[in-house]
There are 2 protein chains.
Amino acid sequence: MALGALAQSTRLEAFRLLAAHEPDGLPAGAIADALAVPQNTMSSHLAILARAGLIRSRRHSRSIVYRADLARFQQVALFLIKDCCGGRPELCTPLIADLQPCCGPKEPADV
Amino acid sequence: MALGALAQSTRLEAFRLLAAHEPDGLPAGAIADALAVPQNTMSSHLAILARAGLIRSRRHSRSIVYRADLARFQQVALFLIKDCCGGRPELCTPLIADLQPCCGPKEPADV
DNA sequence: ACGATATTTCTAGGATGATCGAAATATGGA
DNA sequence: TCCATATTTCGATCATCCTAGAAATATCGT
């Protein structure tokens, strides 16, 4: 399950890091370095995230550069929300309202 | 972690069931029955969901009625989305767009 | 007080997961 | 070809999780 892939602190942080580094991506070693985790340990986590479809890898000479698949992430988040709100718009509406200040297309609405 | 509580099929289904039965809730036995899981097994899962703050329980004579805490769920979903989209509105905007048809405050917008 | 119902807690076995040292694989430069 | 770099795969250990049988707790009706 894709949710399970994100339900682990090291992996969630790795995904966050990759999301923040879109669209350039980050090589495996840099990720392990940034999170202070051994490379082989991080490699396992990256493999799990990749198997869940949340990240992709492409070789770039000696390094393997990972990138977050944001479309897939949106899909997972949507599944979670829609699945749990099933048929009850009034339960999800405040969620959208809270999302607007962060990601709204128009007004920044800070403070 | 609250995400971990939902990253398990039986628990996710239990939460879905409770969300669908808002605001009445459902007694523990009915949940176990609906998902074809032994009562003690379900009890463990419910305890985990409760510890994560995603559900609440109240005794109702002989039964213990569980209810989904939708505010908490919204909080978790928001955390996940905001955390991963950190500072990148353009990544979350399509998420809102996809959410509108399901939970939009105004137009039903079906088909 | 007693028995029946509803649920939890205790306990344990089996499965899965996280971590990491060591070895293996792939790439590029001399 | 040989060595250095970057990453993965293998193997093992330790912890955690899922599951469910059995016993314990709480509530109600009589």
Side-chain angles (χ1 to χ4, degrees), chain A residues 1-19 21-22 24-69 76 80 83, chain B residues 1-19 21-22 24-69 76 80 83:
Chain A
M1 191 189 304
L3 262 186
L6 292 176
Q8 206 280 336
S9 56
T10 303
R11 284 198 297 266
L12 182 59
E13 288 200 29
F15 184 82
R16 269 178 65 189
L17 189 66
L18 287 177
H21 281 261
E22 274 296 286
D24 299 332
L26 226 54
I31 303 171
D33 217 39
L35 303 186
V37 169
Q39 292 208 351
N40 53 1
T41 299
M42 182 53 70
S43 184
S44 302
H45 287 307
L46 291 175
I48 291 172
L49 284 169
R51 211 172 305 133
L54 287 161
I55 63 175
R56 289 179 201 286
S57 64
R58 282 194 60 175
R59 184 136 227 157
H60 223 267
S61 103
R62 259 164 305 187
S63 316
I64 294 185
V65 175
Y66 281 89
R67 282 191 56 185
D69 186 332
V76 171
L80 177 65
D83 195 51
Chain B
M1 190 189 304
L3 262 186
L6 292 175
Q8 204 280 336
S9 56
T10 302
R11 284 198 296 267
L12 181 59
E13 288 201 29
F15 184 81
R16 269 179 64 187
L17 189 65
L18 287 177
H21 280 261
E22 274 296 286
D24 298 332
L26 227 52
I31 303 172
D33 217 40
L35 303 186
V37 169
Q39 292 209 351
N40 55 359
T41 299
M42 182 54 70
S43 184
S44 303
H45 287 308
L46 291 175
I48 291 173
L49 284 169
R51 210 173 306 131
L54 287 162
I55 63 176
R56 289 179 201 287
S57 63
R58 282 193 59 175
R59 184 138 227 154
H60 224 267
S61 101
R62 259 165 304 188
S63 315
I64 294 186
V65 174
Y66 281 89
R67 283 191 55 186
D69 187 332
V76 170
L80 177 65
D83 196 51

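Quick note on labels: first sequence line is chain A, next is B, and so on, each numbered from 1. Because only heavy atoms are used, hydrogens play no part in the values below, and waters and symmetry mates are left out as well, while side chains stay in.
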Which part of the nucleic acid, if any, lies within contact of B:Ser63, taking any heavy atom under 4.0 Å across all strands shown: a base, the sugar-phosphate backbone alone, or nothing?
->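 Since only primed, P, OP1 and OP2 atoms lie under 4.0 Å of B:Ser63, the category is sugar-phosphate.
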
What does A:Ser61 touch in the nucleic acid at a heavy-atom separation under 4.0 angstrom: a base, only the sugar-phosphate, or nothing?
->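 Contact class for A:Ser61: sugar-phosphate only.
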
What's the shortest heavy-atom distance between A:Leu49 and A:Ala5, and which atoms?
->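 Reported closest heavy-atom pair: CD2-O, 3.9 Å.
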
What closest approach, in Å, do A:Ala68 and A:Ile55 show between heavy atoms, and which atom pair accounts for it?
->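 Shortest heavy-atom separation between A:Ala68 and A:Ile55 comes out as CA-CG2, 4.2 Å.
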
Over how many whole Å does the gap from [X] atom [atom1] to [N] atom [atom2] extend?
X       : N      : atom1 : atom2 : answer
A:Arg51 : C:dG17 : CZ    : C1'   : 11 Å
A:Ile64 : C:dT27 : CD1   : C1'   : 10 Å
B:Ile48 : D:dC17 : CD1   : C1'   : 8 Å
B:Ile55 : C:dT7  : CD1   : P     : 13 Å
A:Leu26 : D:dA6  : CG    : P     : 14 Å
B:Leu35 : D:dA20 : CG    : C1'   : 16 Å
B:Gln39 : D:dT25 : CD    : P     : 18 Å
B:Met42 : D:dG21 : CE    : C1'   : 17 Å

Among all residues two or more places apart in sequence or in another chain, which pass the side-chain contact (heavy atoms from CB on, under 4.5 Å) test with [X]?
X       : value
A:Ala30 : A:Leu26, A:Pro27
B:Thr10 : B:Gln8, B:Val37, B:Met42, B:His45
A:Arg51 : A:Ala47, A:Ile48

Taking only residues two or more places apart in sequence, or in another chain, which ones meet A:Arg62 in a side-chain hydrogen bond (donor to acceptor under 3.5 Å, both in side chains)?
->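 side-chain hydrogen bond (donor to acceptor under 3.5 Å, both in side chains) check on A:Arg62 returns nothing, list empty.
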
Name all residues meeting the salt bridge (charged side-chain N to carboxylate O under 4.0 Å, His left out) criterion together with B:Arg11; count only those two or more places apart in sequence or in a different chain, and write none if there are none.
->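 Partners of B:Arg11 under the salt bridge (charged side-chain N to carboxylate O under 4.0 Å, His left out) test: none.
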
Is atom CZ of B:Arg67 surrounded by more than 12 heavy atoms (other residues, nucleotides or ligands) closer than 6.0 Å?
->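 Yes.
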
To the nearest 10°, let me know how far the axis at one end of the helix from C:dA1-D:dT30 to C:dA12-D:dT19 is tilted from the axis at the other, five pairs an end.
->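 End-to-end axis angle for the helix from C:dA1-D:dT30 to C:dA12-D:dT19: 20°, rounded to 10°.
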
Nucleotides 19-26 of chain C: which of its N/O atoms have a protein N/O under 3.5 Å away?
residue : atom : partner : partner atom : Å
C:dT19  : OP2  : A:His45 : NE2          : 2.5
C:dG21  : N7   : A:Asn40 : ND2          : 2.5
C:dG21  : O6   : A:Asn40 : ND2          : 2.9
C:dA22  : N6   : A:Asn40 : ND2          : 3.3

In chain order, what residues pass the ring pair (Phe, Tyr, Trp, His ring centres under 6.0 Å) check against A:Tyr66, with sequence neighbours excluded?
->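 Ring pair (Phe, Tyr, Trp, His ring centres under 6.0 Å) list for A:Tyr66, sorted by chain: empty.
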
Under 4.0 Å between a side-chain N/O of B:Tyr66 and OP1 or OP2 of C:dA6, yes or no?
->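 Answer is no, no contact under 4.0 Å.
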
